Colleague: 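First, the structure itself, so that you have it in front of you.
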Amino acid sequence: MHSSCSSVPSTSSTPSLSGLRIGGPSTSASPSIDSGTTPNATVAASQILKFKEVVEYDGNGRLIIAPDGNEFIPAFSARHIVIEAIKPFYTERWGSWNEIQLDIRILMLNQFVTKCAWNSCYENEIQPIFKLKAALRIKEYLYEARKNLEKPGWLNADVWVKLLKK
């Protein structure tokens, strides 16, 4: 689980919150099973549990995130924002995160920062998780694209041709 933070307001220019609350009194974080399709406990135990991802936004419309090991909470929404932060800057034939020039990686991180907010006590954890997630998203997207021989819509045609030759 993620580390706890105090509710001290941040004075940094980096997006942060004065306290982080995920969920709420009316929001259940526990698995939900549709009772209409679950006539008894045996069937309930055998069903795949469905989790609802709780998402919250700050006053500027940024997704509130928190670190959880090598993940962000909420995972699905943050994963989507990571790839959306990468796409506008993916203009060269980079096969992996480490091949991307440092100044471009910084632009990608800054784009992510404009879309997400977190408590300032998580500051040192956010960037390494972003790097990890960005590297994984690039690897996954490019692998799928090459495997299916389908250019992703966000990738420039000339970059796609160069990647196929790589």
Side-chain angles (χ1 to χ4, degrees), residues 1-36 38 44 47-92 94 96-145 152-156:
M1 197 72 183
H2 59 275
S3 58
S4 62
C5 293
S6 67
S7 294
V8 178
S10 170
T11 56
S12 74
S13 61
T14 306
S16 62
L17 302 174
S18 61
L20 184 64
R21 182 179 61 83
I22 297 177
S26 63
T27 307
S28 171
S30 57
S32 62
I33 299 175
D34 184 2
S35 59
T38 311
Q47 283 192 349
I48 296 173
L49 300 179
K50 297 178 184 176
F51 291 88
K52 289 183 179 180
E53 184 170 77
V54 177
V55 295
E56 289 192 40
Y57 296 89
D58 72 0
N60 295 316
R62 297 174 299 188
L63 177 68
I64 299 172
I65 61 173
D68 185 22
N70 287 329
E71 299 286 336
F72 290 124
I73 298 172
F76 180 80
S77 298
R79 191 168 38 247
H80 175 73
I81 291 175
V82 167
I83 195 64
E84 291 303 314
I86 292 168
K87 288 177 181 181
F89 303 101
Y90 211 91
T91 59
E92 298 291 329
W94 301 305
S96 70
W97 174 256
N98 289 332
E99 291 179 15
I100 301 172
Q101 299 163 315
L102 179 59
D103 60 328
I104 302 298
R105 285 187 266 167
I106 291 169
L107 289 173
M108 292 173 175
L109 175 62
N110 288 341
Q111 180 70 14
F112 178 76
V113 167
T114 67
K115 306 289 185 194
C116 295
W118 53 86
N119 192 301
S120 62
C121 69
Y122 297 135
E123 201 65 45
N124 293 332
E125 298 171 69
I126 298 297
Q127 187 173 341
I129 297 171
F130 173 81
K131 288 178 182 178
L132 175 67
K133 294 302 165 192
L136 289 172
R137 296 290 82 76
I138 289 169
K139 181 180 175 180
E140 290 171 358
Y141 270 70
L142 294 181
Y143 172 79
E144 284 299 315
W154 54 270
L155 196 60
N156 293 333

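The structure presented is a predicted model; accordingly, all values stated were derived computationally and were not measured. Because only heavy atoms are used, hydrogens play no part in the values below, and waters and symmetry mates are left out as well, while side chains stay in.
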Colleague: Taking Asn60's backbone N and O only, do any of them form a donor-acceptor pair with Asp58's side chain (distance below 3.5 Å, no angle check)?
Modeller: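 At least one qualifying donor-acceptor pair exists.
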Colleague: Would you call Phe72 and Arg79 a side-chain contact if the rule is heavy atoms closer than 4.5 Å?
Modeller: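 They are not in side-chain contact.
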Colleague: Just one of Ile64, Ile81, Val82 clears the side chain to side chain contact (heavy atoms under 4.5 Å, CB included) bar with Cys116, so which one?
Modeller: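 When side chain to side chain contact (heavy atoms under 4.5 Å, CB included) is applied between Cys116 and each of Ile64, Ile81, Val82, only Ile81 qualifies.
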Colleague: Do you know which two heavy atoms are closest between Gln111 and Phe89, and how far apart they sit?
Modeller: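 Taking every non-hydrogen atom into account, CB-CE1, 3.8 Å.
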Colleague: Going from CG on Leu63 to CD1 on Ile73, what distance comes out if it is rounded to the nearest 0.5 angstrom?
Modeller: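 Rounded to the nearest 0.5 Å, the CG-CD1 separation comes out at 11.5 Å.
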Colleague: Roughly how far, to the nearest 0.5 Å, is the CD atom of Glu71 from the CD1 atom of Ile65?
Modeller: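 Between atom CD1 of Ile65 and atom CD of Glu71 there are 11.5 Å.
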Colleague: For residues Pro67 and Ile126, report the shortest heavy-atom separation together with the two atoms involved.
Modeller: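 Looks like CD-CD1, 4.2 Å.
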Colleague: To the nearest 0.5 Å, how far apart are CD in Glu99 and CD1 in Ile104?
Modeller: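 Answer rounded to 0.5 Å: 14.0 Å.
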Colleague: I'd like to know if the side chain of Ser77 reaches the main chain of Pro74, judged simply by a donor and an acceptor atom lying under 3.5 Å from each other, with no hydrogens or angles considered.
Modeller: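 Between the backbone of Pro74 and the side chain of Ser77 there is no qualifying donor-acceptor contact (under 3.5 Å).
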Colleague: Do Met108 and Phe130 come within less than 4.5 Å of each other through their side chains, counting heavy atoms only?
Modeller: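 Of all side-chain heavy-atom pairs linking Phe130 with Met108, at least one is under 4.5 Å.
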Colleague: Quick one: NZ on Lys115 to CG on Asn110, what's the gap to the nearest 0.5 Å?
Modeller: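 With rounding to 0.5 Å, NZ (Lys115) is 12.5 Å from CG (Asn110).
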Colleague: Are Lys131 and Trp97 close enough that some pair of their side-chain heavy atoms sits under 4.5 Å apart?
Modeller: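 In short, these two side chains touch, coming nearer than 4.5 Å.
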Colleague: Side-chain contact, heavy-atom cut-off 4.5 Å: Arg137 with Lys133?
Modeller: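 Arg137 reaches Lys133 side chain to side chain.
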Colleague: Would the distance check show the side chain of Glu53 and the main-chain N or O of Ala75 forming a donor-acceptor pair, the cut-off being under 3.5 Å?
Modeller: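 Indeed, once roles are kept as given, a pair shorter than 3.5 Å links the two residues.
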Colleague: Determine whether Arg62 and Thr114 make a side-chain contact, defined as any pair of heavy atoms from C-beta on separated by less than 4.5 Å.
Modeller: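 In short, these two side chains do not touch, never coming nearer than 4.5 Å.
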Colleague: Just checking Tyr90 against Tyr141, ring centres under 6.0 Å apart?
Modeller: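 No; Tyr141 has its ring centre 6.0 Å or more from that of Tyr90.
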Colleague: How long is the straight-line distance from CG of Leu102 back to CG of Leu107, given to the nearest 0.5 Å?
Modeller: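 Between Leu107 CG and Leu102 CG, I get 10.0 Å after rounding to 0.5 Å.
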Colleague: Could you grab the distance from atom CG of Leu142 to atom CD1 of Ile138, nearest 0.5 Å is fine?
Modeller: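 Result: 7.0 Å between the selected atoms.
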Colleague: Answer yes or no: is there a donor N or O on one side and an acceptor on the other, between the side chain of Arg105 and the main chain of Ile100, under 3.5 Å?
Modeller: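 Judged by distance alone, yes, a pair lies under 3.5 Å.
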Colleague: Do the side-chain N and O atoms of Glu125 and Trp118 include a donor-acceptor pair separated by under 3.5 angstrom?
Modeller: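 Distance-only check fails for Glu125 and Trp118.
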Colleague: Quick check: closest heavy atoms across Ala78 and Phe112, and the distance to 0.1 Å?
Modeller: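 Where Ala78 meets Phe112 most closely, the heavy atoms are O-CE1, 4.2 Å.
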Colleague: So, do Phe76 and Val55 sit near enough that their side-chain heavy atoms are less than 4.5 Å apart?
Modeller: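 Phe76 vs Val55: side chains apart.
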